[in-house]
Structure formats: structure tokens, C-alpha cells
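Report on one structure; see the data block that follows.
As the structure is a prediction and not an experimental result, all values here were calculated from the model. Every heavy atom of this structure was used, including side-chain atoms; hydrogens, water molecules and symmetry mates were not. Residue numbers start from 1 in every chain, and the chains themselves are labelled A, B, ... in the order their sequence lines are given, proteins ahead of strands.
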Amino acid sequence: MKRIYMDHSATTEVDPLVLDSMLPYFTEKFGNASSLHSFGQEAIEALSAARQQVADSIGAKANEIIFTSGGTESDNLAIRGVLAKKKNDTSRSQHIITSMIEHPAVLSTCSFLESIGYEVTYVPVDSEGVLDLDKLERSVRDDTSIISIMHANNEIGTIQPVKDIARIARDKDVYFHTDAVQSFGKIPVDVNEMGVDMLSISSHKIHGPKGAGVLYVREGTELEPFIFGGGHEQGLRPGTENIPGIVGLGKAMSLAKERLGHDPEHMLRLRDSLIDRIFDSLDDVRLNGHPTQRLPNNVNLSFRYVEGESLLMLLDVKGIAISTASACSSISKKESHVLSSIGLNADYIHGTIRISLGKDNTIEETDHVVQSLQESVGKLREMSAISKS
Amino acid sequence: MKRIYMDHSATTEVDPLVLDSMLPYFTEKFGNASSLHSFGQEAIEALSAARQQVADSIGAKANEIIFTSGGTESDNLAIRGVLAKKKNDTSRSQHIITSMIEHPAVLSTCSFLESIGYEVTYVPVDSEGVLDLDKLERSVRDDTSIISIMHANNEIGTIQPVKDIARIARDKDVYFHTDAVQSFGKIPVDVNEMGVDMLSISSHKIHGPKGAGVLYVREGTELEPFIFGGGHEQGLRPGTENIPGIVGLGKAMSLAKERLGHDPEHMLRLRDSLIDRIFDSLDDVRLNGHPTQRLPNNVNLSFRYVEGESLLMLLDVKGIAISTASACSSISKKESHVLSSIGLNADYIHGTIRISLGKDNTIEETDHVVQSLQESVGKLREMSAISKS
Amino acid sequence: MYSRKVIEEFTDPKNVGVIEDADGVGETGSTVDGDIITIYIKVKDEVLEDVRFKTFGCVVAISTSTMVTQLAKGKKIDEALKITNKDVIDALGGLPEDKRRCSGFALAALHKAIEDYKERGTA
Ligand SMILES: Cc1ncc(COP(=O)(O)O)c(C=O)c1O
Ligand SMILES: Cc1ncc(COP(=O)(O)O)c(C=O)c1O
Ligand code: FES
Ligand code: FES
């Protein structure tokens with residue numbers, strides 16, 4: 001059975017060009033970038049080249065790029081790094097602002113910080129997942145250190161007005177961090193256009209290898225590390241650099257940037273055709289997230305009278321890979337905090353799936369998905385104890 | 001020019017078998033282990049198999065293995081994880097014991113902890129780098145939470161009496177963590193034989209890929225994460241798992257364990273022959289570290305009237321890769337804390353190099369190294385302003 | 001994660017449906033939890049002649065529902081009451097640890113259906 005992968009927000013296949021770029025660094029140029037000899041120099045060169053690639057693809061300078069192990073670590077470093085630096089300046093260190101629909105990497109970091117005495121404001125979003133800018137502006141206090149608001153949401157795909165947030169942050173002289181893990185490669189990400197101070201990216205979401213990530217840190221932004229060891233990455237991220245992973249990440253970001261004029265348009269066409277045809281063929285369906293201000297690859301749908309995991313498994317049996325809420329939370333059947341934040345009713349929440357497209361998905365694949373969805377939703381609704389009679 | 005790599009304590013070449021084991025997980029079985037569909041299941045299976053391989057190679061159970069991004073992160077997690085868990089039990093949380101010759105991953109973690117109010121005792125070592133067990137025992141206090149002492153030192157190769165340390169820790173009811181980053185694959189590492197509660201391993205030091213590591217955590221040991229996000233790795237290490245890296249790490253550990261009867265013996269023969277021949281051919285040389293209680297692949301030598309970096313570069317020109325102190329500190333020319341802890345005189349400290357052998361080094365290569373050393377040391381001494389007349 | 005048997009039962013469930021003139025009906029769960037299971041029974045001479053289910057819920061909810069109906073169908077009422085949660089899980093070739101909690105709902109619905117039948121008899 002040919003399988004159809006439409007869970008690109010969970011993770012992506014490594015691009016063959018990316019893998020090729022990595023291979024020499026496992027077995028030939030395997031040096032440690034801290035070593036002074038020729039093996040070490042090869043590693044340093046690879047590291048610098050990747051750093052330049054990353055910088056170029058987001059409009060940054062090479063010295064503003066910190067390599068991490070992934071998106072989660074980048075988010076932790078941004079928020080905790082700023083707070084650690086300001087810890088002795090009590091007038092500017094007690095308060096953090098974020099949104100109610102952030103990824104667990106940000107939300108769990110914030111609850112940890114609350115547990116050790118910091119205060120966090122969770123700004124709400126409207127029914128389409130767009131941040132309430134007024135509330136954000138009014139929540140800024142004299143002791144606010146950092147605003148962390150994601151660029152685009154991983155579940156419902158809503159894109160936030162980051163430029164407006166950046167303006168508010170700048171006016172109030174507060175650092176602004178954005179999690180661009182889902183947006184990079186799908187919509188333009190330029191740190192100066194956006195006006196952000198820090199920005200997180202994860203390699204495995206953009207056809208790069210797992211185990212690598214980036215934190216962009218604008219020159220002059222003062223951070224402290226939260227992992228301790230040797231002085232790698234300007235003292236912000238110790239540990240022997242994952243050269244093959246970083247080389248792959250650099251290549252993946254370059255490719256994504258190059259293809260920005262093409263891939264997102266293709267995904268957008270598939271997305272809108274998918275949505276239209278699903279609405280045509282099934283009743284009691286809802287599209288979650290913003291209708292237009294959304295990632296070109298995100299389709300988040302709620303089917304009434306159907307439970308998401310069951311639908312996922314029926315599709316899986318047909319070779320189609322999608323997700324229920326975010327991949328992170330699908331193991332524990334906890335209600336999605338994103339869906340409750342947009343005020344979705346419980347009977348819709350439980351029947352929610354996310355289809356996240358990739359650059360290599362085809363229109364034929366979407367045909368198959370529409371048909372399978374129709375069959376599977378029909379089957380589950382027949383079985384359901386709460387379907388309309 | 002055929003290059004000779006003798007800097008295996010800095011990093012190692014990925015074994016071709018290891019790379020082969022990883023390749024399918026970049027492009028075919030690229031799923032996220034949190035996903036419920038078949039791609040996710042492939043990732044979960046790979047993760048479980050690797051976890052079992054790791055457990056088997058150190059005599060642990062699969063549920064005692066936490067995957068991290070490397071040795072630095074494992075060390076941070078062990079020490080800070082224990083303290084975070086005990087933070088509300090003030091009677092048992094104020095004090096940490098370590099040695100003066102730990103890796104920066106432990107030492108920097110400890111200085112950070114001191115900066116936020118914890119107390120740290122740095123137990124000294126003797127002139128051969130062996131821990132003072134009496135001092136260790138006497139330094140245990142009622143509020144000691146954890147003892148962290150490395151299994152074998154990365155610069156001078158001295159092996160610590162971990163069983164004795166474990167006995168003391170157990171008697172005093174204190175957790176014992178050991179950094180086995182340099183020892184695994186060179187000497188037997190069995191968590192029950194050793195009696196440790198936690199143990200760190202780094203993939204890239206044992207012919208595995210960079211960007212992966214292990215923290216062994218004995219069942220019942222209570223830890224909290226220090227990175228926050230989704231609930232991966234029993235809640236101790238969030239972030240999408242680096243499946244190819246973890247698969248490679250599992251394979252590398254299996255291979256190292258299998259070859260334990262062969263590779264270390266080979267390295268030991270090369271080591272002793274190297275040492276003997278260098279001493280035969282050059283005067284004013286010192287072997288640092290313990291003569292016998294040392295890693296089979298470590299040769300740490302001080303050449304009087306010679307500066308380490310210059311020697312390293314002369315050898316590099318001849319295609320030989322070695323290191324001065326540890327790779328981590330070779331970029332900043334800070335005096336090695338390990339060499340000062342063993343009481344080495346300044347005129348020797350500056351002329352110190354580390355040769356660290358690998359399983360694939362040959363006797364012919366050591367011939368070349370001995371000869372090159374003789375030439376290079378001779379040349380530098382001729383040039384030296386402080387050589388004996 | 002799920003056994004082959006669970007997926008088989010889930011994708012091809014037996015005894016789906018409503019018994020219009022049921023002798024007993026039992027329901028468990030709530031829309032808030034996201035699982036509702038209704039079991040219908042038809043009884044003749046103290047034997048469960050027919051057992052059917054309607055389930056809104058996850059893979060475990062559906063596969064345990066169909067398994068409970070299959071195990072109970074044709075059994076005498078007192079025998080059917082002896083079916084344990086473990087019997088259901090074993091018949092499904094096991095369930096993931098973190099999903100065990102959900103596995104009792106279908107059996108509970110059967111018990112409620114039998115209770116309902118008994119109450120109707122005494123009424
Ligand atoms: C928005 C967002 N932020 C952060 C992360 C975490 O990234 P990683 O899995 O690389 O740690 C993810 C992915 O799970 C994500 O979707
Ligand atoms: C003893 C020791 N501990 C920890 C580390 C850190 O490991 P990693 O580079 O994988 O973070 C190293 C290597 O640099 C080491 O030699
Ligand atoms: S002269 Fe070069 S380090 Fe001092
Ligand atoms: S029955 Fe509740 S999650 Fe399955």
C-alpha cells in the first residue's frame with residue numbers, strides 16, 4: 001500500500017539534498033569544532049557555512065545565530081535566557097507575557113517560571129485564534145521582561161500579527177521572542193521585517209534532520225545560557241556541536257528559502273481544494289483557525305459525532321497519516337488547550353483532526369484523502385451513540 | 001597526505017555500521033514518535049529498540065534510560081534534576097560534592113548552582129589524578145544531595161575508584177552520579193557493578209553521531225526536568241526525539257560493548273608502546289595521570305621547554321591530529337584546571353599534549369607519531385628561549 | 001501501539017446498532033469526556049439473545065464495545081455478569097497501559113443494561 005503522509009506539522013522527511021550535505025560529516029569530516037587541528041578546522045568551516053546559510057535565510061547576521069538541539073530548547077533558551085540575565089534587576093524581571101495557545105515548549109516553561117515566583121500573563125485569542133492586541137498592550141507592566149508569542153500556531157495554523165506585537169514590544173522597551181517553528185518555510189520569515197528580538201526554528205519541521213534547532217538572537221539582546229558547560233555558541237549553548245545536524249539544518253533552511261516562491265503556493269492550492277471538497281461532501285464539519293490568515297499547509301477540521309483518534313486510526317488503516325490535536329499531546333487524551341482557547345464546543349473538540357500538507361503532496365493524494373474521509377466519517381457516525389438520529 | 005587521527009577523546013568517526021543503521025530514519029521511517037499513525041509507530045519501535053540496546057550495554061533496564069542531546073546535557077540533567085526535585089526539602093538540598101578535575105559540563109553547572117545559593121565541595125585529587133576518598137567521605141554533610149564524580153578523566157585518563165565512591169554515597173544515603181563519557185567502550189561500565197544512581201554517556205565519543213547522549217537514571221531516583229515542553233522521555237527531556245541520532249547511539253553502544261574484549265586491549269598495546277618509545281627518544285618528558293589506573297587510549301605528556309599549541313600545529317602540518325588539554329578549552333588558552341589540580345609545574349603545564357587512541361589506529365601510525373614528535377619537539381626546543389642551554 | 005486484534009475489531013466491528021424493542025439499555029460516559037457508549041440487550045429465558053452497541057469514542061471505546069457484545073451474546077445473564085475487564089482486554093490481545101482506564105466503560109454499559117432489564121422485570 002502506498003502511504004500518504006499529511007502530518008508535516010509533526011515532522012518531515014529529510015530532503016535527499018539535505019541528507020547528501022550531511023553525509024561527509026559523519027565519517028570523513030568528523031572533527032570536533034573545538035579542535036585546533038585540520039579535522040577541527042573542517043568542522044569549524046562547516047559550522048560557519050551553516051551559520052551563514054541560516055542567517056541569510058532569515059535576514060540575520062551570522063553572529064546572531066545560536067544552534068540548539070531543537071525547537072523546544074530554543075524556546076527555553078529565549079525566555080529563560082532573558083530572565084536569567086535580568087535576575088539581579090528586580091525592577092525588570094518579574095513578568096512574562098505569552099498567549100494561551102503557545103506550544104508546550106513555551107507554556108511549560110512559563111508554568112515552571114510561575115512555580116519559582118515569576119508572574120505570567122496569558123493573553124487570550126479570538127474564535128479564529130488571533131491574539132487580542134489590545135489585551136496584550138494593556139498587559140505590559142513596568143516589570144515585564146519578555147513577550148513570547150508564536151508566529152503561527154501548530155494546531156490551527158493561525159498566523160499572528162507579529163509586526164504589531166513587535167511594535168508594542170519596542171514601544172514599551174520589552175524583548176519580543178517568536179516561535180517560528182511552524183511558519184518558517186511556509187510564509188516569509190525575516191527578523192527585521194518582523195521586528196523580533198529572538199526567533200526559534202526547528203530543523204525537523206522543514207525537511208532537515210531531527211536534533212537541531214536555531215535561536216536567532218538580535219545583536220545587543222542580553223541572554224544567559226540555561227545549560228552549562230564548555231563555552232560553545234558564544235557561551236549560550238555548551239556541548240560539542242552536532243555538525244552533521246547543523247549542516248543539514250543550514251541546507252534545509254537555504255532550500256526552504258529558495259523555494260518560498262513555489263512550495264507554499266502549491267500547498268495553498270491543495271489546502272483550499274481539500275477544504276472545499278470536504279465541506280461539499282460532509283455535513284456538520286467546522287474549519288478551525290482563521291480562514292485566510294493561516295498557514296498554507298494547515299487544515300484543521302472538527303467533525304461532529306466523531307472522535308478524532310478513531311478517525312485517525314481508520315485513515316491510518318487506509319495508509320493516510322494525519323494527526324488529532326498536536327502530535328505532542330496525542331498520546332495523552334487531554335483536551336487541546338488551543339481548541340478550548342478558541343471557544344470550540346466539546347462535541348466538536350473531540351472530533352478534531354489536523355491535516356498538514358507538505359511540498360511533495362499531490363492533488364491525487366488529496367482526492368484519496370477526501371474520499372477516505374467521507375467513508376470513515378460516515379462509518380463512525382453510523383456507529384456513534386450521539387449522532388443525530 | 002594520509003592523516004593520522006589520535007584525538008578520539010575529542011570526538012570519533014561514526015562507524016559505517018552505525019551510519020547504516022541510521023540512514024533509513026532520515027528519509028523512509030522519518031515519523032515523529034509522538035504520532036499515532038504508522039509513521040509514528042515506526043519511530044516508536046526504533047526508539048524502544050535503541051533504548052533496549054543502550055540498557056543492555058550498561059546492565060540497566062530500558063525504563064532507566066533517558067535520551068538527551070549529549071554528554072553536557074546529561075550532566076546538567078543529573079545534577080540539576082536531583083536538586084530541583086529536592087528544592088522543597090531544604091534539609092537535603094543545599095550541598096553538592098564533586099571533584100576538582102571534572103569536565104566543564106559538571107564544573108560550570110556547579111558554579112552556576114553556587115551563584116544561586118547552593119554550596120559545592122570540590123574534592124581534590126593526588127598527583128596522579130586519583131580522588132582523595134577520605135576527603136570525599138569527610139565532606140558529606142546532612143544536607144548533601146548528590147555526589148558527582150567522573151568515571152575517567154578526559155585529559156589525563158585517570159580512572160576513579162567509583163565502587164568505593166558508590167559505597168560511601170550509599171552509606172550516607174546520597175545520590176551518586178558519574179560522568180562515563182570517556183570510559184564507556186574503553187573499560188567495563190555496568191551500572192550495578194559500579195553501584196551508581198546516574199551515569200552520563202555521549203554518543204560522539206564512541207563512534208556514534210554527534211547530538212545524542214544518555215542519562216542512566218536508576219529506578220526510584222527522583223528527578224525533575226530542567227528543559228520544559230511536551231512530556232517526552234518520562235517527562236525528563238521534552239522535544240521531538242532525534243530518532244536517527246538515537247538509533248545510531250544504540251548501535252554504537254552495542255558495538256562498543258561487543259568489542260570490549262578486543263578494542264581496549266589493542267589500544268592499550270599501542271598506548272604503552274607509544275609511551276615507552278617517546279620516553280626512549282626524548283628527555284624532559286612527563287606522563288601525566290596514573291601509570292596503570294588509566295584509560296587504555298589515553299597518553300597525556302608534558303614536554304618541557306615546549307609550548308603545547310605550537311607542538312600541536314607542527315604535528316598537524318605532518319597530518320597528525322592530537323590535542324593540547326581537552327578540546328573544550330583549547331580555543332581559550334586558559335590553563336588546564338586538571339593539570340593544576342594534580343600539581344603540575346607551570347613549565348610542564350604549557351607543554352602538555354593529549355594523544356587519545358582509537359580502535360582503528362595502527363602500530364605503523366604510532367611509529368610515525370613517535371618520529372614526528374621527536375622531530376617537532378626537537379625543533380621547538382632549538383627555538384625555545386627557555387630550553388636548557 | 002494497538003494490537004492487531006484491536007485494529008481488526010475496531011475497523012470491522014460486530015453488533016453495531018440499536019435494538020428498537022430492547023429489554024434493557026445501558027449508557028456510560030459523557031460528551032465532556034468525549035466517550036459515550038450505549039448497549040442494548042434482548043433477553044429470552046435469561047439468555048442474552050442479542051447485544052448491540054452504539055459508541056462515540058476512541059479506538060479503545062469502540063473495540064471494547066464490540067468485544068463486550070461478542071463475549072456477552074448468547075450467554076446467560078449471570079454468566080455475562082462474570083465477564084471481567086481482564087477478559088475483554090485479553091480477548092483484544094492487550095491494550096496500551098495509558099488507555100486501560102477507558103477499557104471499562106463498555107462493560108459498565110453492559111452491566112447497566114442488565115440492571116435496566118432487571119428493574120423493568122420487577123416493575
Ligand atoms: C510551534 C512549535 N514550537 C516548538 C516545537 C518543538 O520543537 P522540537 O520538537 O524541535 O523540540 C514544535 C513542534 O513540536 C512546534 O510545533
Ligand atoms: C568527561 C566528559 N564529560 C562531558 C563531555 C561533554 O560531552 P558532549 O560534548 O557530548 O556534550 C565530554 C566531552 O567533551 C567529556 O569528555
Ligand atoms: S603568545 Fe600566544 S597564547 Fe600567549
Ligand atoms: S474511552 Fe476515553 S479515551 Fe478512550
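The residue among A:E241, A:K210, A:E73 with the most heavy atom pairs within less than 4.5 Å of chain B is A:K210. Chain B forms the most heavy-atom pairs under 4.5 Å with one residue out of A:G319, A:P238, A:G70, A:P244, and that residue is A:P238. By number of non-hydrogen pairs under 4.5 angstrom with chain B, the leading residue of A:T109, A:I322, A:I227 is A:I227. Among A:R80, A:M22, A:M313, the residue with the largest count of heavy-atom pairs under 4.5 Å with chain B is A:R80.
Ring pair B:Y5/A:F30 is perpendicular by interplanar angle, where above 60° counts as perpendicular and below 30° as parallel.
Only the side chain of B:D316 comes within less than 4.5 Å of a heavy atom of chain A; its backbone N, CA, C and O stay farther away. For A:F39, the parts sitting under 4.5 Å from any heavy atom of chain B are the backbone and the side chain alike. Contacts between A:L19 and chain B at a heavy-atom distance below 4.5 Å involve the side chain alone, from C-beta outward. Only the side chain of B:F112 comes within contact range of chain A, judged by heavy atoms closer than 4.5 Å. Contacts of A:T12 with chain B are made by backbone atoms alone, with heavy-atom separations under 4.5 Å and no side-chain atom involved.
At a cut-off of 3.5 Å, with distance as the only test, a side-chain donor of A:S148 or A:H177 sits close to an acceptor on the other residue.
Among B:V214, B:T68, B:D75, B:T72, the one residue that satisfies the side chain to side chain contact (heavy atoms under 4.5 Å, CB included) test with B:S200 is B:D75.
A salt bridge does not link B:E13 to B:R3: none of the charged nitrogens lies less than 4.0 Å from a carboxylate oxygen.
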